[in-house]
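If you're wondering where the values come from, they're calculated on a predicted model, not measured in any experiment. Numbered from 1 within each chain, the chains take letters A, B, ... in sequence-line order.
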Amino acid sequence: MPELPEVETVRRGLAPVLEGQRLTRVLQRRPDLRFPFPDKFVERLTGRQVMSVDRRAKYLLVRLDDGQVLIGHLGMSGHVTIFEKDDVLPEPGAHDHVVFETDAGATVIFTDPRRFGFMDLARPGELDSHKMLAKLGPEPLSNAFNGPALAAALKGRNTPIKAALLDQRVVAGLGNIYVAEALFRSGISPRRKARTVQGGRAVRLAGRIRDVLLEAIEAGGSSLRDHRQTSGELGYFQHNFAVYGRAGDACPGCDCDLAKTGGIKQIVQSGRSTFYCAQRQR
DNA sequence: CTTTGGGCCTGGACGC
DNA sequence: TGCGTCCAGGCCCAAA
């Protein structure tokens with residue numbers, strides 16, 4: 001489940017392969033992913049030069065020389081595989097949905113078994129008003145995101161802080177995993193009312209969100225260097241989570257009696273699993 | 001306005 | 001072994 005760090009890792013893998021290159025061939029192997037591909041998707045991409053590969057929240061933004069922007073989302077199971085000029089290409093898999101070739105001879109294959117991902121092509125000037133991007137909150141690694149800004153976004157919100165942090169209008173790019181990890185590091189219970197996360201709590205939470213994302217990006221970057229041909233998901237797999245997926249375990253640094261507390265709790269909030277330590281998160 | 005819940009999609013884990 | 005069931009979850013949308 002690619003969240004911001006995994007998407008950033010993919011971006012870093014793609015940037016040197018695509019930037020400055022021309023897309024000589026684009027293969028679209030089915031009519032839709034989560035949504036239908038836009039009209040004339042292949043025609044509008046073929047021959048274009050890539051100016052930059054950027055990221056906004058969990059979206060990849062491939063800016064083209066004619067002002068169009070290719071928007072990509074990995075969904076749950078999406079990933080990208082990069083092949084250099086002389087690499088041997090595998091037979092196409094059932095879930096390899098889009099293939100890009102550059103004039104430098106690189107091939108980029110987008111694979112997504114569950115098809116929760118999508119691709120769209122914004123026309124020049126229409127990126128900011130795109131339905132998926134228009135309402136996004138601040139980038140958590142930007143200067144716009146800090147304690148006071150987070151406190152303001154949470155003010156008056158009656159939902160649990162867990163649900164509020166998953167709302168991409170509050171902060172853009174967090175998913176179920178990093179919300180759990182950031183709340184653990186902050187000592188804040190996922191069940192706490194969002195509106196009560198103010199002042200010092202909000203400052204601490206904003207800081208821990210930054211920390212955990214930066215650490216995960218760093219882990220993804222190191223794995224990327226080790227596995228030149230693939231990007232995405234690796235950071236996720238190699239990262240050690242303190243609470244996510246660890247129901248019943250003692251949390252790191254915990255000195256309380258596991259037999260008494262039962263360790264890390266797993267509950268369901270708005271239909272999703274939440275993991276936390278009831279002793280250290282209040 | 002806010003909040004909640006359904007639906008999309010497939011592979012893997014699990015139970016019988 | 002083989003089948004059925006459930007779960008994972010990002011995001012939009014409809015409904016309350």
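Counting non-hydrogen atoms under 4.0 angstrom, A/Asn158 reaches the backbone sugars and phosphates but no base. Within 4.0 Å (heavy atoms only), A/Phe118 reaches no atom of the nucleic acid at all. Contact annotation for A/Thr159: backbone-only contact, meaning every heavy-atom pair under 4.0 Å involves sugar-phosphate atoms and none involves a base. Residue A/Arg272 is in base contact, counting any heavy-atom pair closer than 4.0 Å across all strands shown.
Between A/Thr46 and A/Leu23, the closest side-chain pair of non-hydrogen atoms is not below 4.5 Å. In this structure the side chain of A/Arg34 never reaches within 4.5 angstrom of the side chain of A/His73, judged on heavy atoms. At least one side-chain heavy atom of A/Leu64 sits under 4.5 Å from a side-chain heavy atom of A/Leu121.
Atoms CG (A/Leu74) and P (C/dG10) sit 12 Å apart, rounded to a whole Å. In this entry the distance linking CZ of A/Phe35 with P of B/dG7 reads 17 Å, nearest Å. Remark: C1' of C/dG10 and CG of A/Leu33 are 14 Å apart, rounded to the nearest angstrom. The separation between A/Leu166 atom CG and B/dT2 atom P is 17 Å, rounded to whole Å. Atom CE of A/Met76 is separated from atom C1' of B/dC8 by 12 Å (rounded to the nearest Å). Between A/Gln266 atom CD and C/dC7 atom P the separation is 10 Å, expressed in whole Å. If you take CD of A/Gln269 and P of B/dT4, they are 10 Å apart, rounded to a whole angstrom. Taking atom CG of A/Asp167 as the reference point, atom C1' of C/dG10 lies 12 Å away to the nearest angstrom.
Between its opening and closing five pairs, the helix from B/dT2-C/dA16 to B/dC16-C/dG2 changes axis direction by 50°, a value rounded to 10 degrees.
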Checklist line | side chain to side chain contact (heavy atoms under 4.5 Å, CB included) between A/Tyr276 and A/Ile267, worked out | finding: CA-CA 9 Å; A/Tyr276 73 111; A/Ile267 61 173; 3.8 Å; yes
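Taking the nucleotide of DNA chain B with the nearest heavy atom to each of A/Arg34 and A/Arg114, the more 5' of the two is matched to A/Arg34.
A cation-pi arrangement is present between A/Lys131 and A/Phe35 under the rule of less than 6.0 angstrom and at most 45 degrees off the ring axis.
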